4 protein chains.
Amino acid sequence: MSSSCGERLRLTIFGQSHGPAVGVTIEGLPPGLKVDREALTRFLARRAPGQNEWSTARREADLPEFLSGLADGRTCGVPLTAVLRNDNARPADYAPFRDTPRPGHADYTGRIKYRDCEDAAGGGHFSGRLTAPLCLAGGLALQWLAGEGITVISRIRRIAEVEDPAPLRGSTADKPFPVVSDEAGERMKARIAEARAEGDSVGGIVECAVLGLPAGLGDPMFDGMENRIARLVFGIPAVKGLEFGAGFAAAAMRGSECNDPFVVKDGRVRTATNHAGGILGGITTGMPLTFRVAFKPTPSIAKEQDTVSLSAMAPAKLKITGRHDPCIVPRAVPCVEAAAALAVADALLCR
Amino acid sequence: MSSSCGERLRLTIFGQSHGPAVGVTIEGLPPGLKVDREALTRFLARRAPGQNEWSTARREADLPEFLSGLADGRTCGVPLTAVLRNDNARPADYAPFRDTPRPGHADYTGRIKYRDCEDAAGGGHFSGRLTAPLCLAGGLALQWLAGEGITVISRIRRIAEVEDPAPLRGSTADKPFPVVSDEAGERMKARIAEARAEGDSVGGIVECAVLGLPAGLGDPMFDGMENRIARLVFGIPAVKGLEFGAGFAAAAMRGSECNDPFVVKDGRVRTATNHAGGILGGITTGMPLTFRVAFKPTPSIAKEQDTVSLSAMAPAKLKITGRHDPCIVPRAVPCVEAAAALAVADALLCR
Amino acid sequence: MSSSCGERLRLTIFGQSHGPAVGVTIEGLPPGLKVDREALTRFLARRAPGQNEWSTARREADLPEFLSGLADGRTCGVPLTAVLRNDNARPADYAPFRDTPRPGHADYTGRIKYRDCEDAAGGGHFSGRLTAPLCLAGGLALQWLAGEGITVISRIRRIAEVEDPAPLRGSTADKPFPVVSDEAGERMKARIAEARAEGDSVGGIVECAVLGLPAGLGDPMFDGMENRIARLVFGIPAVKGLEFGAGFAAAAMRGSECNDPFVVKDGRVRTATNHAGGILGGITTGMPLTFRVAFKPTPSIAKEQDTVSLSAMAPAKLKITGRHDPCIVPRAVPCVEAAAALAVADALLCR
Amino acid sequence: MSSSCGERLRLTIFGQSHGPAVGVTIEGLPPGLKVDREALTRFLARRAPGQNEWSTARREADLPEFLSGLADGRTCGVPLTAVLRNDNARPADYAPFRDTPRPGHADYTGRIKYRDCEDAAGGGHFSGRLTAPLCLAGGLALQWLAGEGITVISRIRRIAEVEDPAPLRGSTADKPFPVVSDEAGERMKARIAEARAEGDSVGGIVECAVLGLPAGLGDPMFDGMENRIARLVFGIPAVKGLEFGAGFAAAAMRGSECNDPFVVKDGRVRTATNHAGGILGGITTGMPLTFRVAFKPTPSIAKEQDTVSLSAMAPAKLKITGRHDPCIVPRAVPCVEAAAALAVADALLCR
């Protein structure tokens, strides 16, 4: 089903942007995991809106309420459900988009799919708000993975045409703007500010690495690590591309250059380079699993846009006045980590 | 499970490169589909090896035997199984790779995963040979889609650093080298010949479009068209990247540029541009669904490579002498079409 | 996953008996279904405890809160989540059972399975309380089925050794004690009262029929109507047996007697008898789909019982003092209807 | 999908009774299992037709051909496919049943479901012939379970009204007529002979027990051991009922009688009785898992029967002249064992 994902660690995400709540049910979390609520709150805060100049003014407390799955603060093995209330909903903001769908949004496709019964407010179930329960689930997966010696790090690799070329070596989680090179970060922020000033938006690329993985995770052919991560990552709104290791650049390489020679290091099999992104045949090699995710610019922009009136079947103009991020990439960083963590945790439980 | 994929049209692929046969079971094919065996053979021939200078010398008849699922030449609604015999197997070619795994291949990861019990011959279940049953299933899906007015076209977009910039507008299926611009094709073939002469290999990019889709296919969040296609495409060996519509280029765009304005055309809702690749919120817009797939260079190269001896846990040299493609991209084109057809057919059956 | 069920109409049940809430997420409910909350409340009331002398004294309001899936009171096509708060929880009642597990309950097996991390209060996720969200989901399925001309009826067929031999022809939903023959019902109630007076409990059999089904629902081999119903019915605690049509009695029949001759009636194909219970080859014939479900007596009884102390690994005595039904069969009737409705609705959506 | 079943050990069964072959793909078999082909052949022989007076005269060699999944005679971790050729097919025998469907068979429901495109020959995919690949898969599961210390035993419990009351304590696999009491067996055989002489058939009950199970297998709510076994058992044609432990008899018990007191025995937790059939809350207790399966009489009988002509929509007479068992229960015994083995192996792999 479309809002469920995973084999042994299975999440089901529910909620609409301006409904009573969003939430997630996770089946398969191993029993006995002590939930660190403070760490979870910190993780969710990295995705939360309303914190700075490059995100929407919508504010949400995002304190999860656990409805099930815990006993004495530890997972008890049965489905865990946690919800986040939508305190700051303004459904009326979205009424016009039913007739004049926003370009780049799911207003039109959702209406077709759900035969005019869709919840149009704020994108409904298509909203970026739904990445909050994804992060909630991912935050729990991260806590479990930490106990297995596995960590997930990520960073903004690019905003608009500004790239951060410094290699990703450690966590950027403590930075307000999660880049490796703060100098590049300043130029990225300038691009976001420019776009905002012009009533426009910009896209970018998030890079992620999973460290500490054992060799042997993942399965051929359709449950390889790439397939598993892809299914989750393309569940994040605005993602248009995904590449592993050398990715698209591998297309321009020679085999002798792209192949990662095996070496013995500290008594273990490793590879001298990691163009494979830590995956061969869908299965982890034990090297860092690396991937990059392309995000399109936020489709909600203040500039007037061309659309159609569905009732009149005629051209129409649209001006979006709601609260929106000029660039969602900074807030997408923990979402990508969450997706990676969930895919990896599932693969680990499938061993 | 790892070798199964699909919700309402579900395929299970089995076989090893040098075992008795490879094959596929497809559940959910609508009853009454008249199988055009000749068209299926032609489709499989596009993937078949041994046909020209840029593919391996291994030859296979690849005439499918249908074990089930047909009655009087039509699908009868129950699982369809078809197998392709491995007539030209040479398992002994692969004996050395158990101890000295080939860089860029799944020899090492497969061995870890299957605890030393893996079928090492020719990559076993990890082999590109497994794309033959994928194409078999995809070829049947294409026949069913044709009856629904849906076609899939594709082309080589790039080999090494040579790009074919001409837009993809129609099928390249009848061309021996499936490019739009034959001039670019000649330069690509030259790159392949160079790599082969040097005992090396090159990668490339395949571009694909699905035409004739209705709006409204696909599901949020984890069964959007991107997610569905990704799960299948990353099942093709050597794929390292996937992008939809503007893809990674969207990361550098402004929202006002990337958003596709809605327009009314011939009484239907369309978009003026198609940076979304025909997908919004995971759901088809009715515009062509477009995507590109990055393939790494064939990992099997004639050049001597560095690896390790797993028994000695020491450095070793490896020279691969089997039959291999200097570039798998031309043969990957129908595989990408097959993956697209299967994903789309499944989504259509899920409506 | 264990608490999820269904193919196109998929439910995920969560919650523990004495946790904050129990609830259900339903994916795949067709968009546009107007939810009749009053009818839903009436349906839930048939399962609710605390209403009469044969059920537990625990009282619950059981007013569902819808967290998602609705827009303007209608289903909007995305996952629907509804929760029921556990207002009347008394977890402390259950503390002793962790060491001295209750015979006939999942205290011991849950503890083994969840490695001493289980939520022991009131059976946790194993509790009969979890049939409340099952009924919630089933109640919604029934509303959708009604629009398709399909109804589900059921009755108590047996309590202890008292059978109600009158044929099931119409709904018993309006009766406080859902039998066909009220005379048999009085004798059943007497058996329940006797058992209660002796600190004991009794079991029984529920019979169910689905009317108005089209021919052709269900799938061979593992998704036949029997398989689909079985998966849901055995999810109701205390079920120990399930039979369709003639069921176990068919074992003693001759083929000439058990086979249902086809006849033409009102221009449609029917069968003269219905020993098949409306199912041939797993697929509906268009006759009423009939089945019976055996419930064991409530394992929680007031009488002192033999058990073991898990800490001492020694014999122990146990006296259960919580609130429990002397017979759960009357309250199980709507649960069986819910299971049938969910299985049938799913099969209908899989056509 | 309908012909697939299982979570971690997943089988997909394909084939039609009179098509080229029947077969099965099994995903998830642990790597390294040495397949004992002789033991597998012996197991399949218990189900094979044509061996004695109480089974059909159709003869099949039933020597499985392994197309994939093995390397050097051991499972190699990837999908295993094995096929059985249909050497002795006589599709023409079945031509009349398309218009005049056989009572008690899936001729009519299959035709409706597959919109007149069904393979009608011999029941197609609905045929008892499909239990051959089920047994093939089950036979492999049994070999793996044996290595885990788990065995499956079963027996005919009843034929027509003749019951074998002796308790099931050990395997009956070596007996040509698998009963505990041979005296009861003789009376059963007499009933079968009588029915055959009259052109009729009889049904019966198979009893099965799984020994050596650890406590803690199975999952609430919909993947309990009952649910898992039910899904497989109701995939065997002609099954109309299933009960675990005391089963339907539990409905007439008092709680004080039905509850199994926990005891300590040889330092382990056991129960003094086993009315629960080794399952509490869907999870194994460590006691023998016991269940019984009711089979209706073979619907194919020589006696003339009433049916309808679907083309004329008018009453018609039908006389079946093909080869059929007067009682399928003896041959069903290994099928039930196979179903149990597959369910248990899957649950074990899900731990």
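Not measured: the values here are computed from a predicted model. Every chain is numbered from 1 and lettered A, B, ... according to where its sequence line falls, protein lines coming before strand lines.
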Engineer: Given a strict heavy-atom distance threshold of 4.5 Å, which part of C/Val239 is in contact with chain D: side chain, backbone, both, or neither?
Structural biologist: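 Backbone of C/Val239 only, per the 4.5 Å heavy-atom cut-off to chain D.
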
Engineer: Between C/Ser2 and D/Pro220 (side chain of the first, backbone of the second, donor and acceptor by atom type, cut-off under 3.5 Å), is there such a pair?
Structural biologist: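 Indeed, once roles are kept as given, a pair shorter than 3.5 Å links the two residues.
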
Engineer: Counting only heavy atoms closer than 4.5 Å, note whether C/Leu232 contacts chain D via side chain, backbone, both or neither.
Structural biologist: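 When you check distances to chain D, atoms from both the backbone and side chain of C/Leu232 fall under 4.5 Å.
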
Engineer: Between SG of D/Cys258 and CZ of C/Phe295, what distance do you get to the nearest 0.5 Å?
Structural biologist: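 Here the interatomic distance stands at 13.5 Å.
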
Engineer: Under 4.5 Å, counting heavy-atom pairs only, tell me which of C/Gly286, C/Gly281, C/Gly123 racks up the most with chain D.
Structural biologist: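 Looking at each of C/Gly286, C/Gly281, C/Gly123 in turn, C/Gly281 comes out on top.
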
Engineer: Is it the side chain or the backbone of C/Ser256 that comes within 4.5 Å of chain D heavy atoms, both, or neither?
Structural biologist: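 Both backbone and side chain.
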
Engineer: Do you know which of D/Glu243, D/Arg115, D/His105, D/Met221 has the most heavy-atom pairs under 4.5 Å to chain C?
Structural biologist: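 Heavy-atom pairs under 4.5 Å are most numerous for D/Met221.
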
Engineer: Is D/Pro214 in contact with chain C via its backbone, its side chain, both, or neither, using a 4.5 Å heavy-atom distance?
Structural biologist: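 The answer is neither part of D/Pro214.
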
Engineer: Counting N and O atoms only, with roles assigned by atom type, does the side chain of D/Asp346 sit under 3.5 Å from a partner on the main chain of D/Gly6, one being a donor and the other an acceptor?
Structural biologist: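 Pair absent, no side-chain N/O of D/Asp346 close to backbone of D/Gly6.
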
Engineer: Does the side chain of C/Thr273 come under 3.5 Å of the side chain of C/Asp260 through a donor N or O and an acceptor N or O?
Structural biologist: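 Judged by distance alone, the side chains do pair up.
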
Engineer: Of the backbone (N, CA, C, O) and the side chain (C-beta and beyond), which part of C/Thr100 lies under 4.5 Å from a heavy atom of chain D, both, or neither?
Structural biologist: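 C/Thr100 has no heavy atom closer than 4.5 Å to chain D.
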
Engineer: Compute whether any side-chain donor of one residue and acceptor of the other, for C/Ser309 and C/Ser311, lie under 3.5 angstrom apart.
Structural biologist: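 Yes, side-chain donor-acceptor contact under 3.5 Å.
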
Engineer: Among C/Lys303, C/Lys240, C/Gln305, who wins on heavy-atom pairs under 4.5 Å with chain D?
Structural biologist: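 Going by pairs under 4.5 Å, I would pick C/Lys240.
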
Engineer: Please verify the inter-ring angle class for C/Phe126 with C/Tyr114; under 30° counts as parallel, over 60° as perpendicular, anything in between as tilted.
Structural biologist: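 Ring orientation, 0 to 90° scale: tilted.
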
Engineer: Can you say whether C/Ile13 sits under 4.5 Å from chain D via the side chain, the backbone, both, or neither, judging by heavy atoms?
Structural biologist: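 Side chain of C/Ile13 only, per the 4.5 Å heavy-atom cut-off to chain D.
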
Engineer: With distance as the sole test, does D/Ser127 use its side chain to make a donor-acceptor pair with the main-chain N or O of D/Gly124 at under 3.5 Å?
Structural biologist: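 Side chain of D/Ser127 to backbone of D/Gly124, a donor-acceptor pair under 3.5 Å: no, none is there.
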
Engineer: For each of D/Ala230, D/Cys350, D/Gly204, tally heavy-atom pairs with chain C at distances under 4.5 Å, and name the one with the top tally.
Structural biologist: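 Most pairs with chain C among the choices: D/Gly204.
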
Engineer: What option among D/Gly245, D/Ala249, D/Ala276, D/Gly224 has the most heavy-atom pairs under 4.5 Å with chain C?
Structural biologist: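 Looking at each of D/Gly245, D/Ala249, D/Ala276, D/Gly224 in turn, D/Ala276 comes out on top.
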
Engineer: Only pairs of heavy atoms separated by less than 4.5 Å count here; which of C/Val293, C/Asp306, C/Val162 has the most with chain D?
Structural biologist: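 Option with the top pair count is C/Asp306.
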
Engineer: Kindly compute the distance separating OH (C/Tyr108) from OG1 (D/Thr271), expressed to the nearest 0.5 Å.
Structural biologist: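 The distance works out to 10.0 Å.
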
Engineer: Hey, what do you get for SG (C/Cys327) to CZ (C/Arg191), rounding to the nearest 0.5 Å?
Structural biologist: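 Between C/Cys327 SG and C/Arg191 CZ, I get 12.0 Å after rounding to 0.5 Å.
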
Engineer: Below 4.5 Å, heavy-atom pairs only: which of C/Gly241, C/Ser300, C/Pro315 has the largest tally toward chain D?
Structural biologist: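 Sorted descending by pairs with chain D, the first entry is C/Gly241.
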
Engineer: At a 4.5 Å cut-off on heavy atoms, which part of D/Leu134 comes close to chain C: side chain, backbone, both, or neither?
Structural biologist: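 The answer is the side chain of D/Leu134.
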
Engineer: Which one wins on heavy-atom pair count under 4.5 Å against chain C: D/Leu242, D/Val202, D/Val263, D/Val329?
Structural biologist: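 Highest number of pairs under 4.5 Å: D/Leu242.
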
Engineer: Could you state the interatomic distance from CG (C/Asp223) to SG (D/Cys5), rounded to the nearest 0.5 Å?
Structural biologist: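 One gets 8.0 Å once the value is rounded to the nearest 0.5 Å.
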
Engineer: Let me know if C/Pro299 has heavy atoms under 4.5 Å from chain D in its side chain, its backbone, both or neither.
Structural biologist: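 The answer is both parts of C/Pro299.
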
Engineer: Given heavy-atom pairs under 4.5 angstrom as the criterion, report whether the side chain, backbone, both or neither of D/Thr298 touches chain C.
Structural biologist: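 For D/Thr298, backbone heavy atoms alone lie under 4.5 Å from chain C.
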
Engineer: With a 4.5 angstrom heavy-atom cut-off, which part of C/Ala316 approaches chain D: side chain, backbone, both or neither?
Structural biologist: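 Neither the backbone nor the side chain of C/Ala316 comes within 4.5 Å of chain D.
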
Engineer: By a 4.5 Å heavy-atom criterion (distance strictly below it), what part of D/Ala238 contacts chain C: side chain, backbone, both, or neither?
Structural biologist: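 Interface part for D/Ala238: neither.
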
Engineer: Mind checking the CE-CG spacing from D/Met287 to D/Leu280? Nearest 0.5 Å is all I need.
Structural biologist: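 Those atoms lie 10.5 Å apart.
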
Engineer: Looking at chain C, which one of D/Lys296, D/Glu226, D/Arg111 has the largest number of heavy-atom pairs inside 4.5 Å, strictly under?
Structural biologist: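 Going by pairs under 4.5 Å, I would pick D/Glu226.
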
Engineer: With a 4.5 Å cut-off on heavy-atom pairs, point out which of C/Val269, C/Ile112, C/Asn259 contacts chain D the most.
Structural biologist: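 Greatest number of close heavy-atom pairs with chain D: C/Asn259.
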
Engineer: Dump the intermediate steps for ring-ring contact (aromatic ring centres under 6.0 Å, His included) on D/Phe234 and C/Phe244, then the final yes or no.
Structural biologist: CA-CA 11 Å; D/Phe234 281 113; C/Phe244 294 86; 5.4 Å; yes

Engineer: Considering only heavy atoms, which portion of D/Ile301 lies under 4.5 Å from any heavy atom of chain C: side chain, backbone, both, or neither?
Structural biologist: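 Side chain of D/Ile301 only, per the 4.5 Å heavy-atom cut-off to chain C.
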
Engineer: Start with the C-alpha gap between D/Lys113 and D/Glu118, add the side-chain angles, then the distance that decides, and say whether salt bridge (Lys or Arg N to Asp or Glu O under 4.0 Å) holds.
Structural biologist: CA-CA 8 Å; D/Lys113 176 161 189 68; D/Glu118 84 283 5; over 6 Å; no

Engineer: Is D/Arg158 close to chain C through its backbone or its side chain, or both, or neither, when contacts mean heavy atoms under 4.5 Å?
Structural biologist: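 Contact with chain C: side chain only.
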
Engineer: For D/Arg228, which atoms come within 4.5 Å of any heavy atom of chain C: side chain, backbone, both, or neither?
Structural biologist: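 Neither the backbone nor the side chain of D/Arg228 comes within 4.5 Å of chain C.
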
Engineer: For C/Glu257, which atoms come within 4.5 Å of any heavy atom of chain D: side chain, backbone, both, or neither?
Structural biologist: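 Contact with chain D involves no heavy atom of C/Glu257 at all.
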
Engineer: Quick one: what part of C/Glu194 sits under 4.5 Å from any heavy atom of chain D, side chain, backbone, both or neither?
Structural biologist: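 Answer is both: backbone and side chain atoms of C/Glu194 are under 4.5 Å from chain D.
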
Engineer: At a 4.5 Å cut-off on heavy atoms, which part of D/Thr284 comes close to chain C: side chain, backbone, both, or neither?
Structural biologist: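 The backbone, not the side chain.
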
Engineer: Side chain, backbone, both or neither: which part of C/Leu217 has a heavy atom under 4.5 Å from chain D?
Structural biologist: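 For C/Leu217, no heavy atom lies under 4.5 Å from chain D.
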
Engineer: Just so I understand: if I count every heavy-atom pair under 4.5 Å between each of C/Leu318, C/Asp219, C/Thr109, C/Val233 and chain D, which residue has the most?
Structural biologist: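 Highest number of heavy-atom pairs under 4.5 Å: C/Thr109.
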
